[in-house]
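Structure, as structure tokens:
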Amino acid sequence: MDSKNYYDVLGVDKKASADEIKKAFRKLARKYHPDLSKEKDAQKRMAEVNEANAVLSDAEKRAEYDAMLDAPRGFASGAGNPFRGTEGFDGGDYQFRRQSMGGDADYSDFFRQMFGDAARAQRGGHAGGGPRAAMRGEDQHASIELDLTDSYQGSERMLTLHGQEVTEDGEVRSQERQLQVKIPAGVREGQMIRLAGQGGPGYQGGPAGDLLLEVHFRPDKRWRAEGKDVYMPMPVSPWEAALGGSAEVKTPAGTLEVTIPAGWSAGRKLRIKGKGLPAATSGDLYLELQLHIPPAATEQEREAYAAFAKAFPHFQPRQGV
């Protein structure tokens, strides 16, 4: 059976650190997540990424896999392979559908053959017949979509997690559970919210793993976040743009009284310090001034524009064009 190069799948070097592997996995998970990706082969690629991460993020599995890669050619398959399994690996007793950002675990024949005994031992009963020590459950990953205002105020969300349970007799049952999640104020795009003990179950009485929720903000035409800073368009009238003034503006940080400086220019922004996403040092809020021209729908409005034109006889809007 052909071996798989999990390092190539994640795009990392064989000497990559655990942190580098984690970062590579998160990057690829965002790219191929079936709920987010537009790639045609997203589901297949996500399964490959999940499988590579399941091996390289586990120190014990990675050591076995590296030993297989370093073995002489022909040793890693056929008779005499110490890593060869005898049965398939179902991925654990309980897998959330959104585990590892990519759906149900669907491991390749190579994975099953190499880690079948180890996986079976984790479910109770060592491959050699002896008892297996308690082991911590695996961490699981999912994404959560929030409004930008949730980051300002903090909030709570009820998540419904869908999964599968594998019974002792091998029957696969669908399972669902709800989880109340507290969203901390100041959370940012791409940040992970860790829910301790809400991941995969432990083995032989070991503690459960954690559930990691990756934060994404819903698109909103009113504003957007870039790191801790928030940007929003602010329409201004021609007279405000020319003469300046003050205005009340509804922002994610609440309604603010804003002073508009005289002398508008294209691309100008107003910076309101400390009104971005909350943090130990909060981000800033940038108001992007956009000139809005009123229509001349009535005779009075047309006369006003005509008088305006007479007031600026030397104004040449196309000068230098």
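Checked options Arg271, Arg268, Arg224; the residue passing with Glu288 is Arg224 (criterion: salt bridge (Lys or Arg N to Asp or Glu O under 4.0 Å)). Among Gln140, Arg136, Gln198, the one residue that satisfies the side-chain hydrogen bond (donor to acceptor under 3.5 Å, both in side chains) test with Asp210 is Arg136. In summary, of the residues considered (Lys61, Glu60, Met68), a side chain to side chain contact (heavy atoms under 4.5 Å, CB included) with Glu64 occurs for Glu60 alone.
Side-chain contact between Val187 and Asp150 is absent, with no heavy-atom pair separated by less than 4.5 Å. Contact annotation: the side chain of Leu270 never approaches that of Tyr286 to less than 4.5 Å [non-hydrogen atoms, C-beta and beyond]. Contact annotation: the side chain of Asp139 approaches that of Arg194 to within less than 4.5 Å [non-hydrogen atoms, C-beta and beyond]. Residues Pro294 and Trp239 form a side-chain contact, since some pair of their non-hydrogen atoms from C-beta on lies under 4.5 Å apart. Between His216 and Arg30 the shortest side-chain heavy-atom distance falls below 4.5 Å. Between Tyr152 and Val230, some side-chain heavy-atom pair lies under the 4.5 Å cut-off.
At most 12 non-hydrogen atoms from other residues, nucleotides or ligands lie less than 6.0 angstrom from NZ of Lys27. The environment of OH in Tyr305 is crowded: more than 12 heavy-atom neighbours from other residues, nucleotides or ligands sit within 6.0 Å. Gln300 CD: 12 or fewer foreign heavy atoms inside a 6.0 Å radius.
Salt bridge status for Asp66 with Lys15: absent, with no side-chain N to carboxylate O gap under 4.0 Å. Between Glu299 and Arg302 there is a salt bridge, since at least one side-chain N of the basic residue sits less than 4.0 Å from a carboxylate O of the acidic one.
Remark: side-chain polar atoms of Tyr32 are not paired, donor with acceptor, to backbone N or O of Glu48 under 3.5 angstrom. Although no hydrogens or angles enter the test, the distance criterion places a donor-acceptor pair under 3.5 Å between the side chain of Lys228 and the main chain of Thr281. Side-chain atoms of Glu189 come within 3.5 Å of backbone atoms of Phe217 as a donor-acceptor pair (strictly under, hydrogens ignored). Side-chain N or O atoms of Asp147 include none that pairs as donor or acceptor with a backbone N or O of Thr149 at under 3.5 Å. Without hydrogens or angle criteria, Arg157 side chain to Leu146 main chain gives no donor-acceptor distance under 3.5 Å. A distance-only check finds no donor-acceptor pair linking the side chain of Ser143 to the backbone of Glu214 [under 3.5 Å].
Within the model, atoms OH of Tyr7 and CG of Leu69 stand 7.0 Å from one another, a figure rounded to the nearest 0.5 Å. How far CD1 of Ile272 is from OG1 of Thr259: 9.5 Å, rounded to the nearest 0.5 Å. Summarising the geometry, atom CD belonging to Glu138 is positioned 7.0 Å from atom CG belonging to Asp58; distances are rounded to the nearest 0.5 Å. Note that OH of Tyr231 is 10.0 Å distant from CG of Leu285, once rounded to the nearest 0.5 Å. Put simply, CE on Met232 and CG on Asp220 are 9.5 Å apart, with the number rounded to the nearest 0.5 Å. We find the NE2-CG distance between His141 and Asn53 to be 7.0 Å, quoted to the nearest 0.5 Å.
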> Step by step, would you call Leu211 with Leu179 a side-chain contact (heavy atoms from CB on, under 4.5 Å)?
Replying inline: CA-CA 11 Å; Leu211 176 61; Leu179 186 64; 3.9 Å; yes
>> Using the rule given for side-chain contact (heavy atoms from CB on, under 4.5 Å), can you reason through Tyr65 versus Asn5, listing the C-alpha separation, both sets of side-chain angles and the distance that settles it, and then say yes or no?
In response: CA-CA 9 Å; Tyr65 175 69; Asn5 193 317; 4.2 Å; yes
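Listed here is the closest heavy atom pair of Ser282 and Gly274: CB-O, 3.7 Å. Here the closest non-hydrogen pair linking Trp264 and Val236 is CD1-CG2, 4.3 Å. Across Arg62 and Ile21, no two heavy atoms sit closer than the pair NH1-CD1, 3.1 Å. Smallest separation of non-hydrogen atoms from Met234 and Val249: CE-CG2, 3.6 Å. The two atoms that bring Ser151 and Pro278 nearest to each other are O-CG, 3.4 Å, heavy atoms only. Across every non-hydrogen atom of Thr298 and Glu301, the tightest pair is N-OE1, 3.0 Å.
Transitive grouping of hydrophobic side chains (ILVMFWY, heavy atoms separated by less than 4.5 Å) brings Leu256 and Leu287 into a common cluster.
For Asp229, there are no salt bridge (Lys or Arg N to Asp or Glu O under 4.0 Å) partners two or more places apart in sequence or in a different chain.
Note on ring orientation: taking the six-membered ring where Trp is involved, the planes of Phe312 and Phe308 are tilted (angle from 30° to 60°).
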